[in-house]
Amino acid sequence: MATSMRGLTQYISDLRACRVRELEEKRVNREMAHIRQKFKDGNLDGYQKKKYLSKVVFTYILGYKVDVGHMEAVNLISSNKYSEKQIGYLAVTLLMHENSDIVRLVINSIRKDLEDNNEIFNCLALHAIANLGGMEMAEALADSVLSTSTTFVKKKAALTLLRLYRKHPSVLPIEEWAERIVPMIAELDQGVAMTVTTLITAMAQDHLELFAGCYQKAVDRLDKIVFDSETPATYVYYKVPNPWLQIKLLRLLQYYPPPDNPEVVEMVNGVLQAIIDMSQETPKNVQHNNAQNSVLFEAINLAIHLDPESKVVSNASVLLGRFILARETNVRYLGLDVMAHLAACSTSLEPVKRHQDTIILSLKDRDISVRRRALDLLYSMCDTTNSKVIVGELLRYLQVADYNLREEMVLKIAILTERFATDYEWYIDTILTLISTAGDHVGAEVWYRVVQLVTNNEDLQSYASSAVYRHLQKPQCHENMVKVGGYILGEFGHLIANESGCSPIEQFHALHSKINICTAPTRALLLTTYIKWVNLFPEIKEHLINIFRRYTHVLDAELQQRACEYLALASRDDNEELLQAVCDEMPVFSERESALVSRLHSRGDKAQDKRTWVIGQSSDNKDRVAERFKSFRKSTVDSANSGGGSSGSPAPPPKQLSMLSAPSPVQDAARSGSLIEEEPMMGTSSSAMSDDIMSSLAGLDLSTPSAPTGGERLLPDSTLSAEPDSITSPIVARPDDFQHNANLGGVNPSLLAPLTVAPNIEKWIERLSYANEGVLYEDKQVQIGINAEYHGSRGRIALFIGNKIATPFSSISMKIENSDPEALDVKFHDEPVTGIAGLQQVQEMIQVECKSPFTEPPVLRFTYLAGAFTTLVLRLPIFLSRFIEGVQLDQGAFFERWKIIGGPPREAQQIFPIKLTATGDVNLEHNSKVLAGHRLSVLGNVDPNPTNHVVAGVLHMTNTGKVGILGRVEPNKDAKLCRLTIRSTNDAVSAEMLKLLAKPINADTALSQ
Amino acid sequence: MIKFILVQNRQGKTRLSKWYAPYEDDEKVRLRGEVHRLIAPRDQKYQSNFVEFRNDKIVYRRYAGLFFCVCVDSNDNELAYLEAIHLFVEVLDAFFQNVCELDLVFSFYKVYAILDEVFLAGEIEETSKTVVLERLDYLEKLE
């Protein structure tokens, strides 16, 4: 291998010594110019070429674009020295892409090296192909993998073939090879055996029949590894015989249906049981433990695949129960994952349901990876007996869940609610709660689905109408709820019109009061509702016609057209029949697979090796299995299928029709709200109705799952609804009396304490005003950290409270004081803890919602007893700017809006001194960090002066609505002053934003610079 | 299969990157940044070594100041890759005799050669430390 090249070492040292990026760039440019010159002059010997090329490669690795050396790399490959060849190949594989043209130039050199007698050269060539891969190489390679070359070449060739197969499956003569490759599973060399197994696993997925012989071979090999300890010492990894080979073999078997031959079954079960038996003890060594578990989990997966009801699996599920309670996070994660596999394939969910409380608790695990697994498992293990508990927990958790988890959660909750509804009321109540609480995370499919189900089930219609009407009467209501309300009341509002408080005019007011918060597509939908009401409720026709008339003047073409058409239709006095015909009830939707399920299944479909199971229930998996083994022996397909026939699940086995999943562009458009055509125009007379939308609306009938027939479904929930929270927050007797006695006046002193003062508090809070995470407070005993996430007008703040001493904190009390509850809603998600053990950390979740502009951040009063009572009174870093989302505008758009808003009072401006950097420049980095940290988009290309910043954003508030904010920061280096101007459509917001933005930039007040 | 392997330090500087799936150069820059931001803040003690990333998952482990990350398919065996990382680190450690971050910088071309002996085409190639080290010794002696 190339030993030290002094020039290279020097070059790397030089670059490392560069303190600033500019200096580094200078050095790189100088070196590249030098090398270009050297290459141009020619006459370089091998060593020099190698050295310069290494420098080029290093430069490329650092992230610079390089344009020299391609030809020299090609030259170096044909050198006879290994060290030169290696650098040549390295440069080719790094600098070139599999599609770049220069790759053609090296094909001949690679072919030559492949055919060379030197196996080292063979290996280098194989590496290159494995990295660059090319169709033309396939034939040349076939021989070297199968010929009697050395084991080194064999194992590299097997993986190189795998790469070629994955890229171009059609060019390889699989049929000819199959019978020659399969026996190599038994190859003595474990490296060869493993790589060949990898290759076969990939090919067998597409050619089950062709590679069928590998099943017995793989079982034999496993048997030898597990029982005959055939593994040589060099392949034993921390006392575990080659775990990677075992895993590959166990995985390969999962791609085949369970064998028919009872002897083979027995042999496999013997191996699996032995692996489980060997894993009863937890080794102390981390590597040993991991290696053992890696094999164990794969073995359990295979056992579940073979027969989820077998004895092996029931033995394994005992282990799994232990794993999900384990201390190591990795083990909990994997335990939940495999349990989800079990729940997804097994016909009886009882073994999993035993652990329900633990699993629900795992939703609160500190690791998002574990939380995801818990969510998947809860989704898989849900049935009619526990659906109310699980869905209830998920709904509760949704309030504080990570934002990137919410959309998936909403989908899952919606599916479970529909699938395991035991009564109509519950279904409607739950799904409406979901739509109202999850807000923006509710994809269009979710509410389409509600409409389908209500339309198709007469029994639901009247209850759904009154339920949705109740939701609409609330002061706040998400747009999605307005959509559902508009559709359902338009179709079925007349069913409740005779009930008190639900008269047509009241329905109209409830719905129409929301129209101002809605985007154009929803308004269009509401217009359609109104034309339906013209037909159903002639008594309010005048009101409706007025609305139509008003909308004939709106700018939006679609709305205007609708309004005109509907106005004409409503004003035709002569012919009632036409209106009736047009506004006839919607026909029942044809029965199809739920778009929700297919949407969910389309996730994570891109893995190289196919998934052997999907998250979900046995019914979801059975068809998948059948599909995978379709081409395989008929008899096995039947036996694979018959196992789960008696599933307790009341849902009809869903068919996987991926084309039904709602197209994602529609989704995105709906979110950005920029397109008008994307929403289903519900009205029968709408010109914009398209077939696509209708097909995504098509759906299932709820009558099967909802009709309460079996006694099992109506089981009382009392046994299941035990409040799991009681486990996490043990009730510690609080010495409240003591606390009160300590103060003679009988007033809790902690409630009177002023804001805590300490050296860094101001700095910390200032930094948190423009950052999502950081320290809020720290002293010798306690540390409080913040990690916040905001989304529109809502946010969640995780408060990490760490006890830094060995003495436990007890009698903890935490209260949030909020001076303006009308404008800001702040609350703990759960009852806060009352104690923290020594050297431990707890996490508390706070939910916030911004309703209208506010100025005072809420205050946290935190009292704990550790020897003596200590009270901390801290401002929480919840500022108005946290509820902003940035907006990109170009120069024209920015100044247009800037002018429209105009000067005071909607403009707020301040001039203040600034601190310059050491080099006497404006601290641009800090400014842009502050601005972006306040969640505003910093716009380039608006202000020609590079030291100025221009920003834009939209503030989200649930009551006041959205407020656009524009700002300009104009520092003057010479005067050491800065002018900050904020313009927004709300003067209170302008003033507050000015205050917030100025503080960290103003030299007199800034603490965090 | 492995989509890519990244070794980054705590500041997010990438010390080794190997791509087994075709990514454009600017996509690679994005991925490096995203992976660092995803992995670096995770808790060593209370969080697992696995985290979902786009449609795949990342299996990672921290050794002193370096994060070794492998991005694998969502259905791959997590622990197998976690221990493969460890195996790779043990090989590096034996080869460089107490490997440190600077070894990866100055001898980057050797690190790539070592990588090709342990992983190939996005799969694990050799699982015996002895076999790999003997091979590397042999290669070192070649001119």
Side-chain angles (χ1 to χ4, degrees), chain A residues 1-2 9 12 16 54 57-58 61 63 65 81-83 86-87 90 97-99 120 127 130 152 155-156 159-160 162-163 190-191 194-195 198 234-235 237 242-245 247 251 287 290-291 293-294 297-298 329-330 332-334 366-370 372 603-604 606-609 611-612, chain B residues 1 14 16-20 22 24-25 29 32 41-43 45-52 55-57 73-84 86-87 102 105-110 112-113 116 120-131 135-136 138-143:
Chain A
M1 216 179 290
T9 313
I12 297 178
R16 285 180 55 79
S54 302
V57 169
F58 185 78
I61 291 174
K65 295 239 178 303
K81 288 185 179 158
Y82 168 76
S83 66
Q86 193 238 331
I87 299 290
L90 180 66
H97 204 263
E98 63 185 274
N99 302 324
I120 297 287
H127 291 168
F152 256 91
K155 78 185 176 199
K156 287 177 197 288
L159 291 181
T160 308
L162 172 66
R163 148 98 191 193
Q190 299 227 347
M194 187 183 66
T195 50
T198 310
T234 50
Y235 280 92
Y237 182 81
N242 202 345
W244 295 279
L245 175 57
I247 289 165
R251 180 57 70 94
Q287 273 69 43
N290 282 346
N293 283 339
S294 65
F297 284 117
E298 204 62 66
T329 315
N330 285 352
R332 289 202 302 279
Y333 167 98
L334 292 164
R366 298 180 51 172
D367 185 359
I368 187 177
S369 307
V370 176
R372 278 184 207 274
R603 302 173 72 95
K606 294 214 180 85
Q608 268 298 347
D609 287 326
R611 281 202 79 102
T612 50
Chain B
M1 72 170 269
T14 303
L16 172 67
S17 56
K18 182 79 182 173
W19 311 90
Y20 293 106
E24 294 298 331
D25 276 358
V29 174
R32 287 190 192 109
R42 280 175 62 86
D43 188 289
K45 200 166 159 200
Y46 299 107
Q47 299 196 317
S48 59
N49 296 89
F50 325 122
V51 59
E52 268 182 41
N55 261 325
D56 309 312
K57 67 190 166 203
D73 287 329
S74 61
N75 56 344
D76 278 328
N77 187 315
E78 291 88 350
L79 287 176
Y81 284 101
L82 185 62
E83 287 315 300
H86 187 76
L87 180 80
L102 283 188
V105 178
F106 282 97
S107 306
F108 66 94
Y109 52 95
K110 292 189 184 178
Y112 278 103
D116 276 339
L120 194 65
E123 298 288 345
I124 303 169
E125 172 192 349
E126 180 56 69
T127 62
S128 164
K129 197 166 114 185
T130 326
V131 171
R135 175 71 167 190
L136 293 174
Y138 176 64
L139 293 180
E140 274 285 275
K141 288 189 190 101
L142 292 174
E143 194 194 346

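All chains are named by letter (A, B, ...) in the order of the sequence lines, taking the proteins before the strands, and each is independently numbered beginning at 1.
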Q: On the 0 to 90° scale, with breaks at 30° and 60°, tag the A:Y237-B:H86 ring pair as parallel, tilted or perpendicular.
A: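 A:Y237 vs B:H86 ring planes: perpendicular.
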Q: Any non-hydrogen side-chain atom of B:E83 less than 4.5 Å from a side-chain atom of A:W244?
A: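 Touching, per the 4.5 Å side-chain cut-off.
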Q: Heavy-atom pairs under 4.5 Å with chain B are the metric here; pick the option from A:K65, A:Q190, A:R16 that has the most.
A: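 Of A:K65, A:Q190, A:R16, A:R16 has the most heavy-atom pairs under 4.5 Å with chain B.
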Q: I'd like to check B:E140 versus B:K110 (side-chain heavy atoms, cut-off strictly below 4.5 Å). Are they in contact?
A: yes
Q: Tell me, for B:L82 versus chain A, whether the close heavy atoms (under 4.5 Å) come from the side chain, the backbone, both or neither.
A: side chain
Q: Using a cut-off of under 4.5 Å on heavy-atom pairs, state which of B:I124, B:L79, B:V105 scores highest against chain A.
A: B:L79
Q: Less than 4.5 Å to any heavy atom of chain B: does that hold for the side chain of A:F152, its backbone, both, or neither?
A: side chain
Q: Under 4.5 Å heavy-atom distance to chain A, tell me which part of B:L102 shows up: side chain, backbone, both or neither.
A: side chain
Q: Among B:S17, B:G122, B:P41, B:A84, which residue forms the greatest number of heavy-atom pairs with chain A at distances under 4.5 Å?
A: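 Most heavy-atom pairs under 4.5 Å with chain A: B:A84.
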Q: Kindly say whether B:V131 contributes a backbone atom to a donor-acceptor pair with the side chain of B:S128 at under 3.5 angstrom?
A: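 Side chain of B:S128 to backbone of B:V131: a pair is present.
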Q: Is there side-chain contact between A:K156 and B:L120, with at least one heavy-atom pair below 4.5 Å?
A: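 Counting from C-beta outward, A:K156 and B:L120 do come under 4.5 Å.
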Q: Pick from B:K18, B:K129, B:M1: which one has the most heavy-atom pairs with chain A under 4.5 Å?
A: B:M1
Q: Using heavy-atom distances under 4.5 Å, tell me whether A:K81 contacts chain B through its side chain, its backbone, both, or neither.
A: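 For A:K81, backbone and side chain are both near chain B.
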Q: Got A:L334 and B:F50 here, is their nearest side-chain heavy-atom distance under 4.5 Å?
A: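 A:L334 vs B:F50: side chains touch.
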Q: Given a strict heavy-atom distance threshold of 4.5 Å, which part of A:T234 is in contact with chain B: side chain, backbone, both, or neither?
A: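 Answer is both: backbone and side chain atoms of A:T234 are under 4.5 Å from chain B.
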Q: At a 4.5 Å cut-off on heavy atoms, which part of A:L245 comes close to chain B: side chain, backbone, both, or neither?
A: neither
Q: Is A:N293 close to chain B through its backbone or its side chain, or both, or neither, when contacts mean heavy atoms under 4.5 Å?
A: both
Q: Under a 4.5 Å heavy-atom cut-off, does chain A meet the side chain of B:F106, its backbone, both or neither?
A: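 Looking at B:F106, backbone and side chain both touch chain A.
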Q: Side chain, backbone, both or neither: which part of A:L162 has a non-hydrogen atom closer than 4.5 Å to chain B?
A: side chain
Q: Is it true that B:N77 and A:S294 share a donor-acceptor pair across their side chains at a distance under 3.5 Å?
A: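 Side-chain D/A pair, A:S294 to B:N77: absent.
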Q: Is it the side chain or the backbone of B:K45 that comes within 4.5 Å of chain A heavy atoms, both, or neither?
A: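 Backbone only.
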Q: Tell me the closest heavy-atom pair linking B:R42 and A:I368, and the distance in Å.
A: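 What the structure gives for the nearest pair is NH1-CG2, 3.9 Å.
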Q: Heavy-atom distances under 4.5 Å only: say whether B:E78 touches chain A with side chain, backbone, both or neither.
A: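 The side chain, not the backbone.
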Q: Any side-chain heavy atom of B:Y112 within less than 4.5 Å of one from A:V57?
A: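 The answer is no, as the side chains (C-beta and beyond) never meet within the 4.5 Å cut-off.
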Q: Between A:T9 and chain B, with a heavy-atom cut-off of 4.5 Å, which part of the residue counts as in contact: side chain, backbone, both or neither?
A: both
Q: Mind checking what makes ring pair (Phe, Tyr, Trp, His ring centres under 6.0 Å) contact with A:Y235, not counting sequence neighbours?
A: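 If we apply the ring pair (Phe, Tyr, Trp, His ring centres under 6.0 Å) test to A:Y235, skipping adjacent residues, there are no hits.
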